[in-house]
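What follows is a set of notes on a single structure, which appears directly below.
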Protein chains: 4
Amino acid sequence: MVSDDERPARERILDAAETLFAEDGFDATPTSRIADRAGVPKGLVHYYFARKPDLLEALVERLPDERVDPAAVVVAGDVVESLHRLVAALDASLGSSAVLSHLLWREADTHPAVLAALHTRFDLLVEQIRDVIRASLPACGADVDSAAQLLASAVSYRHSVARHVDDGAVAMHRELRFLATALERSN
Amino acid sequence: MVSDDERPARERILDAAETLFAEDGFDATPTSRIADRAGVPKGLVHYYFARKPDLLEALVERLPDERVDPAAVVVAGDVVESLHRLVAALDASLGSSAVLSHLLWREADTHPAVLAALHTRFDLLVEQIRDVIRASLPACGADVDSAAQLLASAVSYRHSVARHVDDGAVAMHRELRFLATALERSN
Amino acid sequence: MVSDDERPARERILDAAETLFAEDGFDATPTSRIADRAGVPKGLVHYYFARKPDLLEALVERLPDERVDPAAVVVAGDVVESLHRLVAALDASLGSSAVLSHLLWREADTHPAVLAALHTRFDLLVEQIRDVIRASLPACGADVDSAAQLLASAVSYRHSVARHVDDGAVAMHRELRFLATALERSN
Amino acid sequence: MVSDDERPARERILDAAETLFAEDGFDATPTSRIADRAGVPKGLVHYYFARKPDLLEALVERLPDERVDPAAVVVAGDVVESLHRLVAALDASLGSSAVLSHLLWREADTHPAVLAALHTRFDLLVEQIRDVIRASLPACGADVDSAAQLLASAVSYRHSVARHVDDGAVAMHRELRFLATALERSN
DNA sequence: TATGAATGAGAATTCATTCAT
DNA sequence: GATGAATGAATTCTCATTCAT
C-alpha cells in the first residue's frame with residue numbers, strides 16, 4: 001500500500017470515509033474500500049477506529065465551526081443585503097463540508113451522536129439569522145423568530161437534503177428577498 | 001410461520017419492509033427480518049420481490065396521492081386560515097405515511113426511483129400552496145412563488161427530516177402566520 | 001463441495017467439530033476447517049449453528065447416556081470382579097465418546113453448559129460405582145461413598161485427562177483391586 | 001502505561017499471562033490484554049517473549065518445586081495423620097500456583113512442553129505419597145503403589161480439574177482416611 | 001532497551017439469492 | 001404457488017508479529 005502522502009494516515013482515512021459515506025451511505029461502504037481509497041492497509045483503519053461507527057463519530061467531531069461574525073455581514077438598515085451576505089458566508093463555510101453535511105442527515109436516525117450534532121448546528125443557524133436580522137433592522141416589529149426559523153429551514157433543506165436541486169441558489173435568493181421585504185414592511 | 005392474518009402476504013411483506021427500513025435503513029435491514037416480521041417464510045419475500053431494491057420501488061408505488069382539494073381549504077380573503085387548513089390537511093394525509101416519507105429522504109441518494117418520487121412530491125406541494133395562496137388572495141402582488149417555496153421547504157423539512165423536533169407544529173404555525181401576514185401586506 | 005455422503009449434513013458437521021475440537025481445542029479450530037472436514041460449504045456450518053459455541057452445546061447434547069445396568073456386571077460376593085466389569089463396561093461405552101470426553105474437560109471452564117454436563121456425568125459415575133459395591137457386598141461396613149468417589153476420580157482422571165498415560169489400564173486394574181480388597185476386609 | 005510497580009516488567013507480564021490464560025485459556029487471550037493487565041506497552045511483551053507460546057513455556061519454568069520433606073510430615077505408625085499432613089503441605093505449596101496448575105491441564109494437549117511438565121509433576125506426587133506411606137507404615141504388606149496412585153489421582157483431580165467442586169477438602173479427607181484404613185488393616 | 005504504529009493473514013459471521021421439492 | 005435448506009461472496013473485526021525510532 002502506498003503511504004508517503006502529505007497528510008497523516010488517520011486524516012487520509014477520515015477523508016476517504018467522508019467521501020465514500022457521502023457517495024454511497026454508511027452501510028453501503030465497506031471499510032476495505034475506505035482503506036483502498038486512503039491508500040492504507042485494511043488493518044490500519046481498525047487500528048485507528050476500532051468499530052466502523054467510530055469513523056462516523058470522528059467525522060462529526062471534525063465538523064468545522066460555522067459561526068459567522070455578524071459584524072462582517074450586517075449592512076445597517078438593509079436586511080436583504082445583510083441576510084444575503086450571511087447566507088453567502090454560510091454557504092462558503094459549509095461548502096467545504098457539503099458532503100459531510102449531507103451524509104449527516106442521512107445517518108442521523110441510526111446514530112445518536114450524529115443526530116445531536118445536527119440539532120446543535122440547526123440551533124446555531126437560527127440564532128445567527130436572528131442576530132443578523134436584529135442588527136440590520138433593530139426596530140423590527142415582526143416575528144423575527146419565525147422568519148429566522150423559516151430561513152434556517154430553507155438553508156438546511158438546501159444544504160443537506162435538496163442538494164440535487166441545481167437551481168437552489170436562485171430560489172434561495174428569491175425566498176430571502178421575500179422574507180426581507182416582509183420584515184422591512186412590518187417596521 | 002404465522003400466516004392467516006387478515007392482509008395478503010405480499011402486503012404484509014411491504015408493511016414490514018416499510019417499518020424496518022424506516023427504523024434501521026435499507027441496507028441495515030436483512031430480508032430475513034422482513035420475513036420474520038411479516039410472518040412469512042424467507043423464500044416468499046424473494047418470490048414476490050426478486051431483488052431487495054424491488055421492495056423499495058414497490059413502497060414508492062404505494063405512496064398515497066397527497067393532493068388536497070383547494071376548494072376544501074380555501075377561505076376567501078383569509079390566507080392565514082387557508083394555509084392553515086391546507087397544512088392540516090397535508091399533515092393528516094401525510095401522517096399515515098410518515099415513516100415512509102422519512103425513509104424516502106434517506107434512500108433518495110442511492111435509489112434513483114426514490115429520488116424521482118421525492119421531487120414529484122415536492123413540486124406538487126409547492127403547486128398546491130401556490131394555488132391556495134392565489135385562491136385566497138387573488139390580487140396578491142407579492143412573490144407568491146417564493147412564499148410557496150418557503151412554506152414547502154418548511155413543511156418538507158418538518159415531515160421528512162426534522163421529525164425529531166417536537167415543537168414542530170407550534171413553530172410551523174408561527175411561520176405560516178408570518179408568511180401570510182407578509183402576503184397580505186403586499187396586497 | 002461434496003455432499004452425497006450417507007449421513008445428513010448437520011451430523012457430519014458435528015462429527016467434524018468433535019474430532020477437530022478434540023485434536024486442537026475449541027479456539028484453535030476455525031469453523032472453515034470444520035466445514036472442509038465435513039465436506040460442506042462454510043455457510044452451512046453457520047446455517048445450522050449460528051455461533052461457534054452452539055457447536056459445543058450440540059456436542060454436549062449428543063453425549064451418550066453412560067448408565068450401565070448394575071445387574072449386568074454385579075457378581076454377588078465378588079467386588080473385585082464386579083467393579084472390574086463395571087469399569088470395563090464404562091470403558092466400552094465411553095470409548096465411543098472418548099474424544100468428546102476429553103475435549104469437554106478442556107472447555108469446561110469457559111463454557112458453562114459443558115461444565116454442567118461434566119458434573120452430571122461425574123455424579124452419575126459415583127452413583128453407579130456405589131450401587132455396584134453395595135450390590136456385590138451388601139453388608140460392607142466400610143466408607144463406601146469414599147471408595148466410590150476415589151474410583152470415580154481415577155476413572156475420570158484416566159478417561160478425560162490422563163489419556164496420554166499409556167499404562168492406564170494396568171494401573172487402573174491394580175488400583176481397583178486395592179480398593180476392593182479394602183472393602184472386603186472391612187466386611 | 002503504568003510502569004514503576006514493585007516487580008520488574010518481565011515478571012509482571014508473566015503474572016498477567018498466568019491469570020488471563022487461566023481465566024480464558026491460552027488461545028482466547030490476546031497478548032495485548034496481557035500487556036494491558038501488566039501495565040506495559042504492547043511491544044514489550046514481544047520484546048521479552050518473541051512468540052506467544054514462549055509465554056507458556058516461561059510459565060512452566062516458573063513452576064515451584066513442590067517437593068515436601070517427608071521428615072516434616074511423617075508420624076510414625078499413623079498413616080492417616082501422615083498422609084493428611086502431606087496433603088496439607090502439598091495444598092499449601094500448590095495453592096500459590098493453583099491457577100497455573102489448572103491452566104496446565106488445559107493446554108497440555110497442544111503444548112508438548114506443558115504435557116511433559118505435567119507428567120513430571122504427577123510422578124513426583126506419586127513418589128512422595130509412596131515415601132510417606134512407607135515411612136509411616138514400614139511393614140505394610142498392601143499394594144502401596146496402587147494406593148499412592150489412587151491418592152495422587154484424587155489430589156491431581158482436585159487441584160487441577162475439579163476446582164469448581166467446593167466440598168473438595170471434605171471429600172478428600174474421607175477418601176484419605178479410607179485409604180489409610182485399608183493400608184493399616186493389611187499390615 | 002522500549003515503544004507503539006503499522007501490517008496482513010485469517011477469523012467469525014451475515015445475507016442476498018438460488019433452487020429442489 | 002410456497003418453502004426453507006443450501007451456497008459462497010463479502011464484511012467486520014482480531015491479533016500475532018514486525019520494525020523504525
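Each chain gets a letter, A, B and so on, in the order its sequence line appears, and its residues count up from 1.
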* To do: Treat primed atoms plus P, OP1 and OP2 as sugar-phosphate and everything else as base, then score nucleotides 12-21 of chain F 5' to 3': B for base contact with protein heavy atoms under 4.0 Å, S for sugar-phosphate contact only, - for none.
  => SBBSSBB---
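- Summarising the geometry, the separation between CZ on Arg10(A) and C1' on dA6(E) is reported as 15 Å, rounded to the nearest angstrom.
- Atom CD1 of Ile34(C) and atom CG of Asp15(C) lie 11.5 Å apart (nearest 0.5 Å).
- Taking CG from Leu14(A) and CZ from Phe49(A), the interatomic distance works out to 4.0 Å, rounded to the nearest 0.5 Å.
- Look at Arg62(B) and Glu11(B) and you find a salt bridge, because one of the NZ, NE, NH1 or NH2 atoms lies within 4.0 Å of a carboxylate O, short of that distance.
- Here CG of Asp27(A) is found 5.5 Å from NZ of Lys52(A). Values are rounded to the nearest 0.5 Å.
- When all heavy atoms of Thr29(A) and Leu20(A) are compared, the pair lying nearest together is OG1-O, 3.3 Å.
- Note: CD1 (Ile34(A)) to C1' (dA10(F)) measures 15 Å, nearest angstrom.
- Residue Glu107(C) holds its CD atom at 10.5 Å from CG of Leu118(C), rounded to the nearest 0.5 Å.
- In this structure, the side chain of Arg106(D) engages the main chain of Phe21(D) through a donor-acceptor pair within 3.5 Å.
- We find the CZ-CG distance between Arg121(C) and Leu104(C) to be 6.0 Å, quoted to the nearest 0.5 Å.
- Taking a pair as Watson-Crick or G-U wobble with both distances under 3.5 Å, the runs of three or more consecutive pairs in DNA chain E are E:2-21 with F:2-21.
- The CZ atom of Arg12(C) sits 10 Å away from the P atom of dA6(F) (whole-angstrom rounding).
- For Asp36(C) and dT7(F), the CG to P distance is 13 Å, given to the nearest whole Å.
- Between Glu11(C) atom CD and dA6(F) atom C1' there is a gap of 17 Å when expressed in whole angstrom units.
- Atom C1' of nucleotide dA11(E) and atom CG of Asp24(C) are separated by 15 Å, given to the nearest angstrom.
- When the P atom of dT14(E) is taken as reference, atom CG of Leu44(C) falls 15 Å away, rounded to whole Å.
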